[in-house]
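For reference, the structure is listed below as structure tokens.
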Amino acid sequence: MRWTRSFIHTLRQDPADAEVVSHRLMVRAGMISKLAAGIYNYLPLGLRSIAKLERIIREELEAAGSTELLMPAVQPAELWQESKRWYQYGPELLRIKDRHDRDFCFGPTHEEVITDIVRKEVRSYRQLPVNLYQIQTKFRDEIRPRFGLMRGREFIMKDAYSFHADAADLDVAYRAMEAAYRRIFERCGLDYTTVEADTGNIGGSESHEFMVLAGTGEDAIMSCPCGYGANVEKAATGEITPAPSWPREIPRKPQPVPTPGQKSVEDVAAFLGLHPAHFVKTMIFETEEELVAVLIRGDREINEVKLKNLLGCDHLSLASAEKIEKVTGGPQGFSGPVGLEGARVVADATVMALPVAATGANAADTHLVGVVPGRDFQPATVADVNLAAAGDPCPRCGEPMAEKRGIEVGHIFKLGTKYSIPMRCTFLDAEGNEQPCIMGCYGLGVGRTVAAAVEQNHDGKGIVWPLPLAPYEVVLVMLNADKPEVVEVAERLYGQLRDAGVDVLFDDRQERPGVKFNDMDLIGFPLRIVVGKRGVDNGEIELSLRRDGERRSAPLDGALTAVRETLAGLRAELG
RNA sequence: CGGGGCGUAGCUCAGCCUGGUAGAGCGCACGGUUCGGGACCGUGAGGCCGGUGGUUCAAGUCCACUCGCCCCGACCA
């Protein structure tokens with residue numbers, strides 16, 4: 001492709017509305033442009049990177065036994081009512097009406113549609129398993145779209161769904177898809193990790209996320225050199241370091257002490273000469289049906305996702321000051337478990353491990369010191385609702401874990417029968433019994449993966465594309481485009497490269513060298529070839545890699561060979 | 001949904017406080033000089049100052065409403 005025939009428009013200045021690197025650089029490089037909040041145009045350069053990723057995805061999924069289909073973006077409400085998600089999804093689901101006033105939605109995901117497709121066809125266990133995927137535009141009306149393609153409202157996603165006669169067969173497909181995902185991200189040249197994940201709203205038994213590691217990632221993940229990795233929402237820990245020993249005597253019963261105006265654990269601890277870990281922090285949550293007092297050690301935080309799963313509720317939030325006062329009898333900031341009767345008490349294991357503690361007294365400006373868990377209060381439930389933090393011991397090997405940030409680019413689930421039962425997607429087994437299909441689903445954010453690649457591969461000048469995702473692998477830069485001898489050489493070389501099947505963009509613009517070089521650095525083509533008057537006079541061209549910028553000359557008549565060798569070298573690095 | 005900010009030329013922004021003929025840089029067009037790391041000189045085109053309604057002799061500027069966009073938050077007792 002010739003630059004002058006393509007549609008490539010770089011920006012000299014950063015767009016005012018772009019915050020993160022990938023968004024900024026992709027807009028500046030002319031790969032995407034914004035149409036509305038969270039909705040982007042994929043311009044020719046951007047689309048090429050997307051298409052390259054899609055090709056890799058297709059190859060690996062087909063190899064893993066999945067078959068492509070394409071489902072409608074617009075879906076009838078009836079299906080979503082069958083699965084009950086029509087009522088569970090909030091405003092994130094874009095609902096629309098047709099001219100007959102019938103309800104539809106723009107699909108944020110396709111479990112309902114695929115289940116409908118499969119239930120209409122599958123009758124017998126002999127027809128299973130089924131494994132289908134699509135690459136398609138989805139829409140989720142996010143509360144706050146941001147970060148360009150990283151978190152748009154409209155986005156391209158690969159989603160796959162599998163249907164099985166039993167859990168063992170689902171496991172086979174799950175492992176195959178997991179392996180396919182690994183190959184996909186490896187082939188893209190991305191540094192990634194997998195983590196155990198919470199199954200969230202989609203539900204199911206087992207789930208893994210694929211995270212591209214980048215300091216700017218939205219998700220916190222805990223990882224251990226031993227190989228354990230988990231989303232912080234799900235992460236377990238080994239035994240947490242015990243609190244320092246109690247610096248005074250343990251009374252026979254809790255002693256109230258005045259703590260005027262001291263609400264936060266840190267403040268009260270300092271005020272009383274104790275360590276935050278000596279405290280039981282009591283937080284009152286409310287769900288759709290009850291109030292719950294949750295106890296956590298004072299130096300720890302509550303993991304609300306764990307808590308939500310434990311309570312099995314749909315809604316979870318901190319209770320208002322009024323409700324706290326009503327249920328505890330004391331103001332916010334002075335709650336404690338001793339004598340608390342208005343709410344179910346859930347204690348984290350770290351609390352029960354405390355030999356003695358300080359807590360709120362459920363009375364204004366008062367705390368209790370010398371509270372012995374199990375003696376002075378008895379929680380209804382003891383569970384792990386602790387939020388893992390950097391340095392906590394790994395649940396598998398006990399070594400300290402690190403907290404890293406990642407960009408979630410893939411998420412696979414064992415769904416089980418969450419959709420097949422309500423939607424009656426069933427088959428007859430070998431004994432003639434009707435059984436629900438066991439399902440898996442497998443998502444991969446296409447645009448987000450490309451954005452993550454930029455997030456992970458850039459420098460001060462622009463993008464540094466990994467070869468497999470670069471919009472073009474090679475850019476041929478013609479300098480001195482007003483010199484006929486240069487034009488002749490450049491045109492001939494471009495023809496050779498094109499005929500040889502090299503993925504090349506020919507910068508045939510009449511621009512000053514500085515402008516061209518800066519554009520190339522900004523867009524980040526892996527291999528740059530420069531043809532200019534200086535080189536032509538010497539019978540040479542210049543090659544350089546974007547990632548190191550080192551230039552080397554090659555004889556003009558050996559140019560094609562040099563390009564091929566360089567590309568072969570880059571491919572070999574990817575394995 | 002709450003809080004904050006911003007909407008002025010294709011892009012990045014000034015002008016608004018203190019009302020009085022619409023600005024800069026970049027980009028674009030033309031001419032000239034330059035030409036291997038975002039050149040220089042000259043000339044020029046380009047704006048219902050997001051929209052609506054007020055106040056006023058007069059509104060980009062003040063007021064109200066509205067739409068759009070961005071940021072923070074929507075949890076830590």
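As the structure is a computational prediction, the values presented were derived from the model and not from experiment. Convention: sequence-line order gives letters A, B, ...; per-chain numbering from 1.
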Counting any heavy atom closer than 4.0 Å, what does [X] reach on the DNA or RNA strands: base, sugar-phosphate only, or nothing?
| X | answer |
| --- | --- |
| A:Asp14 | sugar-phosphate |
| A:Gly535 | base |
| A:Gly514 | sugar-phosphate |
| A:Asn518 | base |
| A:Ser264 | sugar-phosphate |

So which nucleotide does [N] pair with, by the Watson-Crick or G-U wobble rule with both distances under 3.5 Å?
| N | answer |
| --- | --- |
| B:rG23 | B:rC13 |
| B:rG36 | none |
| B:rU43 | B:rA29 |
| B:rC65 | B:rG51 |

Separation of [N] [atom2] from [X] [atom1] (nearest whole Å):
| X | N | atom1 | atom2 | value |
| --- | --- | --- | --- | --- |
| A:Lys483 | B:rU34 | NZ | P | 10 Å |
| A:Glu233 | B:rC75 | CD | C1' | 13 Å |
| A:Leu387 | B:rA77 | CG | P | 13 Å |
| A:Ile296 | B:rC76 | CD1 | P | 15 Å |
| A:Leu479 | B:rG36 | CG | C1' | 6 Å |
| A:Leu295 | B:rC76 | CG | P | 18 Å |
| A:Met150 | B:rC71 | CE | P | 12 Å |

A:Arg12 side-chain N/O to B:rG27 phosphate OP1/OP2 under 4.0 Å
yes
Would you say A:Lys461 reaches B:rG37's phosphate, i.e. side-chain N/O to OP1/OP2 under 4.0 Å?
no
Is it the case that the base of [N] and the side chain of [X] share a donor-acceptor contact (distance under 3.5 Å, atom types as modelled)?
| X | N | result |
| --- | --- | --- |
| A:Arg528 | B:rG37 | yes |
| A:Arg509 | B:rG38 | no |
| A:Arg144 | B:rG2 | no |

How far does CE of A:Met26 sit from CD1 of A:Ile463, to the nearest 0.5 angstrom?
6.5 Å
Of all heavy-atom pairs between A:Ala293 and A:Ile284, which one has the smallest distance, and what is that distance?
CB-CD1, 3.8 Å
Closest heavy-atom contact between A:Val477 and A:Met520?
CG2-CG, 3.8 Å
Please report the C-alpha distance between A:Arg546 and A:Asp459 in whole Å, then the side-chain angles of each, then the deciding distance to 0.1 Å, and finally whether the salt bridge (charged side-chain N to carboxylate O under 4.0 Å, His left out) criterion is met.
CA-CA 10 Å; A:Arg546 173 65 177 86; A:Asp459 62 18; 2.8 Å; yes
I want to confirm an ordering. Mapping A:His23 and A:Arg300 to their closest nucleotides on RNA chain B, which one lands closer to the 5' end?
A:His23
I want to confirm an ordering. Mapping A:Met283 and A:Pro15 to their closest nucleotides on RNA chain B, which one lands closer to the 5' end?
A:Pro15
With ring pair (Phe, Tyr, Trp, His ring centres under 6.0 Å) as the criterion, how do A:Tyr87 and A:Trp80 come out once you've worked through the C-alpha distance, each side chain's angles and the decisive distance to 0.1 Å?
CA-CA 8 Å; A:Tyr87 315 105; A:Trp80 285 72; over 10 Å; no
